[in-house]
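Encoded as structure tokens, the structure appears first; notes follow it.
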There are 2 protein chains.
Amino acid sequence: MENERAQAHSDSRERILDQAKVLFALHGYRGLSMREIAEAVGISKAGIYYHFRDKEDLFTAIVHRYLDDLARLIDTAQQAHAAVRTQVEEIVGAILRQPAGDRALVRLAGQEMAHLSEGARSRFEAAYEEQFIGRLRDVIAAGMARGELRALNPETAAWALLGMMYPYFTPAGEEGYPPEAVIADLLRIYFDGLSAAGRPHAP
Amino acid sequence: MENERAQAHSDSRERILDQAKVLFALHGYRGLSMREIAEAVGISKAGIYYHFRDKEDLFTAIVHRYLDDLARLIDTAQQAHAAVRTQVEEIVGAILRQPAGDRALVRLAGQEMAHLSEGARSRFEAAYEEQFIGRLRDVIAAGMARGELRALNPETAAWALLGMMYPYFTPAGEEGYPPEAVIADLLRIYFDGLSAAGRPHAP
DNA sequence: CCTACCGATCGGTAGG
DNA sequence: CCTACCGATCGGTAGG
């Protein structure tokens, strides 16, 4: 989705973004040096600094590009005007079926941003809220308003959904994604709960 | 729970473990230098190396000490022989009511261990399975066997529960913990699901 | 974009 | 021989 566009003014810039994305997901922000990125891309370290002001600038470019993808993904699911459960199933499925190196960015962004500069962090938090967790929360809140979901705190419900996907945000499995049975179980728990059917608790 | 025991043969060792625990949770493994730990404890950097072989040895000591706490926590909840929902509520409540610097170790351990040596990583993974996620899975599997829970994959169910707590494993709020209303909502979703009551999906 | 470097700081260790 | 460190510095590497 990100690397299909025709090479704009710079092909190197895109190659740096793609390579660094995978490497950051594998090693973290502090665990990856600019030298290692340069070697992976096949240019000099200074070559990276031609395209990006500093390490933080490169990292935030990767993260914000990915937030754009997530925002589009949620909007696409929402435009169907289907039941909220169908919308959420589409969102969860689309995220968990991304390449592991991509979806690992969700984890990476949240955990490494705390170590960056004040400005980069506040810009990220605003974009994360506006493009990702806020849109997810709005989908859920709309389902509550329509009476399709319990009227719990939509913010808590959105974080719970994201959290359930967290164990699968590791860059480990490389290009693999969790089995469909796992995705189905997660959605079953989120919407129907783990308690045995017919034995509701505190109705 | 960890620092109440009488000072054994070394008070310094315990002070290093306690200080480094908080700092690692805040800055990550690579983001924290031995010099910074030493300054926080009030000893020299070489003083740390007297007690711990290297940085990795210190980090794994912290993590394994915390896994001991988690194992005890789960065992305590299990000994009550109550309904599985009561047991899980006790476990979730106990973890989320720990100081933020403590429960942030769950997140930290899982994400930073990938960057350590092969030996340390395999020892951690074995301990994590045996003392934490395995015990959690066993509690849930027992509930399924007793017919109190749906017969889904207990491994997936255990990771889903842990994942729902993940957003609250940040060291941000310092000593605060999530409001009781959030904990209640999480447990409601996990056991009863988010779908509106009386409208079960695919029974 | 490259070669050639810098100020500083990294994890770890020497002798005492 | 032990413990519990200190002041200084090691070889390498970080971001820029």
Side-chain angles (χ1 to χ4, degrees), chain A residues 7-21 23-63 108 112-121 124, chain B residues 3 5-63 108 112-121 124:
Chain A
Q7 51 203 69
H9 80 289
S10 169
D11 176 58
S12 296
R13 185 186 159 92
E14 293 300 316
R15 282 170 45 232
I16 294 169
L17 286 169
D18 285 333
Q19 283 288 338
K21 176 181 69 176
L23 294 173
F24 272 128
L26 281 168
H27 305 114
Y29 183 76
R30 316 294 286 250
L32 178 65
S33 68
M34 296 296 267
R35 178 184 55 80
E36 289 172 302
I37 299 170
E39 284 175 5
V41 178
I43 60 172
S44 73
K45 193 154 58 91
I48 298 178
Y49 283 92
Y50 175 79
H51 292 286
F52 300 95
R53 188 171 12 92
D54 52 22
K55 193 184 187 186
E56 177 174 297
D57 186 39
L58 170 57
F59 183 71
T60 53
I62 294 170
V63 167
L108 190 67
E112 303 286 18
M113 274 295 166
H115 311 143
L116 300 189
S117 72
E118 172 63 34
R121 188 164 63 252
F124 164 74
Chain B
N3 39 12
R5 66 178 76 125
Q7 51 203 72
H9 80 292
S10 170
D11 176 59
S12 296
R13 186 185 159 91
E14 295 299 317
R15 281 170 45 230
I16 293 168
L17 286 169
D18 285 332
Q19 282 288 339
K21 177 181 69 177
V22 178
L23 293 174
F24 273 127
L26 281 169
H27 305 113
Y29 184 76
R30 317 291 290 246
L32 178 65
S33 68
M34 295 296 266
R35 177 185 55 80
E36 290 171 303
I37 300 170
E39 284 175 4
V41 177
I43 60 173
S44 74
K45 195 154 59 89
I48 298 177
Y49 282 94
Y50 175 79
H51 292 287
F52 300 94
R53 190 172 9 90
D54 51 25
K55 194 185 186 184
E56 176 174 299
D57 186 40
L58 169 58
F59 183 70
T60 53
I62 293 169
V63 167
L108 189 69
E112 303 285 20
M113 275 294 167
H115 310 143
L116 301 188
S117 73
E118 171 62 35
R121 190 165 60 253
F124 165 74

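Computed over heavy atoms, backbone and side chain alike; hydrogens, waters and symmetry mates excluded. All of these numbers come straight from a predicted model, not from anything done at the bench. Throughout, protein chains are lettered first and strands after them, A, B, ... in sequence-line order, and every chain is numbered starting at 1.
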B:Leu58 and B:Lys55, any side-chain heavy atoms less than 4.5 Å apart: no
Note, B:Phe52 side chain near B:Leu17 side chain (heavy atom, < 4.5 Å): yes
[X] side, atom [atom1]; [Y] side, atom [atom2] - distance, nearest 0.5 Å:
{"X": "B:Glu36", "Y": "B:Gln19", "atom1": "CD", "atom2": "CD", "answer": "12.5 Å"}
{"X": "A:His27", "Y": "A:Ile37", "atom1": "NE2", "atom2": "CD1", "answer": "10.5 Å"}
{"X": "A:Leu116", "Y": "A:Phe124", "atom1": "CG", "atom2": "CZ", "answer": "9.5 Å"}

The side chain of [X] is closest to which nucleotide in this list: [options]?
{"X": "B:His51", "options": "D:dC5, C:dC1, D:dG16", "answer": "D:dC5"}
{"X": "B:Met34", "options": "C:dG11, C:dC1, D:dC5", "answer": "C:dG11"}
{"X": "A:Ala46", "options": "C:dC2, C:dG11, D:dC5", "answer": "C:dC2"}
{"X": "B:Ser33", "options": "C:dC10, D:dC5, C:dC2", "answer": "C:dC10"}
{"X": "B:Tyr49", "options": "D:dG16, D:dC5, C:dT13", "answer": "C:dT13"}

For [X], report the nucleic acid contact type (base, sugar-phosphate, nothing); a contact means any heavy atom under 4.0 Å.
{"X": "B:Leu58", "result": "nothing"}
{"X": "A:Ile48", "result": "nothing"}
{"X": "B:Ile37", "result": "nothing"}

Whole-Å gap separating [atom2] ([N]) and [atom1] ([X]):
{"X": "A:Arg30", "N": "D:dG15", "atom1": "CZ", "atom2": "P", "result": "9 Å"}
{"X": "B:Lys55", "N": "C:dC10", "atom1": "NZ", "atom2": "C1'", "result": "8 Å"}
{"X": "A:Arg35", "N": "C:dC6", "atom1": "CZ", "atom2": "C1'", "result": "17 Å"}
{"X": "B:Glu56", "N": "C:dC10", "atom1": "CD", "atom2": "C1'", "result": "16 Å"}
{"X": "B:Tyr50", "N": "D:dC5", "atom1": "OH", "atom2": "P", "result": "8 Å"}
{"X": "A:Glu36", "N": "D:dG15", "atom1": "CD", "atom2": "C1'", "result": "13 Å"}
{"X": "B:Leu116", "N": "C:dG11", "atom1": "CG", "atom2": "P", "result": "13 Å"}
{"X": "B:Tyr29", "N": "C:dG11", "atom1": "OH", "atom2": "C1'", "result": "9 Å"}

D:dC5 OP1/OP2 closer than 4.0 Å to side-chain N/O of B:Ser12: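 B:Ser12 to D:dC5 OP1/OP2: side-chain N or O found under 4.0 Å.
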Which residues share a ring-ring contact (aromatic ring centres under 6.0 Å, His included) with A:Tyr29, sequence neighbours left out: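 In terms of ring-ring contact (aromatic ring centres under 6.0 Å, His included), with neighbours along the sequence ignored, A:Tyr29 is linked to A:Phe24, A:Phe59.
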Pairs satisfying side-chain hydrogen bond (donor to acceptor under 3.5 Å, both in side chains), at least one member in residues 37-46 of chain A, at least two apart: A:Arg35-A:Glu39
Heavy-atom donor-acceptor pair, A:Lys45 side-chain to D:dG16 base, under 3.5 Å: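 Looking at the base of D:dG16, it does pair with a donor or acceptor on the side chain of A:Lys45 (distance under 3.5 Å).
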Stems formed with participation of DNA chain C [Watson-Crick or G-U wobble, under 3.5 Å, three or more pairs]: none
Whole-angstrom distance between C:dG16 and D:dA4, as gauged at atom C1': 13 Å
Any donor-acceptor pair under 3.5 Å from A:His115 side chain to B:Leu26 backbone: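 Checking the backbone N and O of B:Leu26 against the side chain of A:His115, a donor-acceptor pair under 3.5 Å is found.
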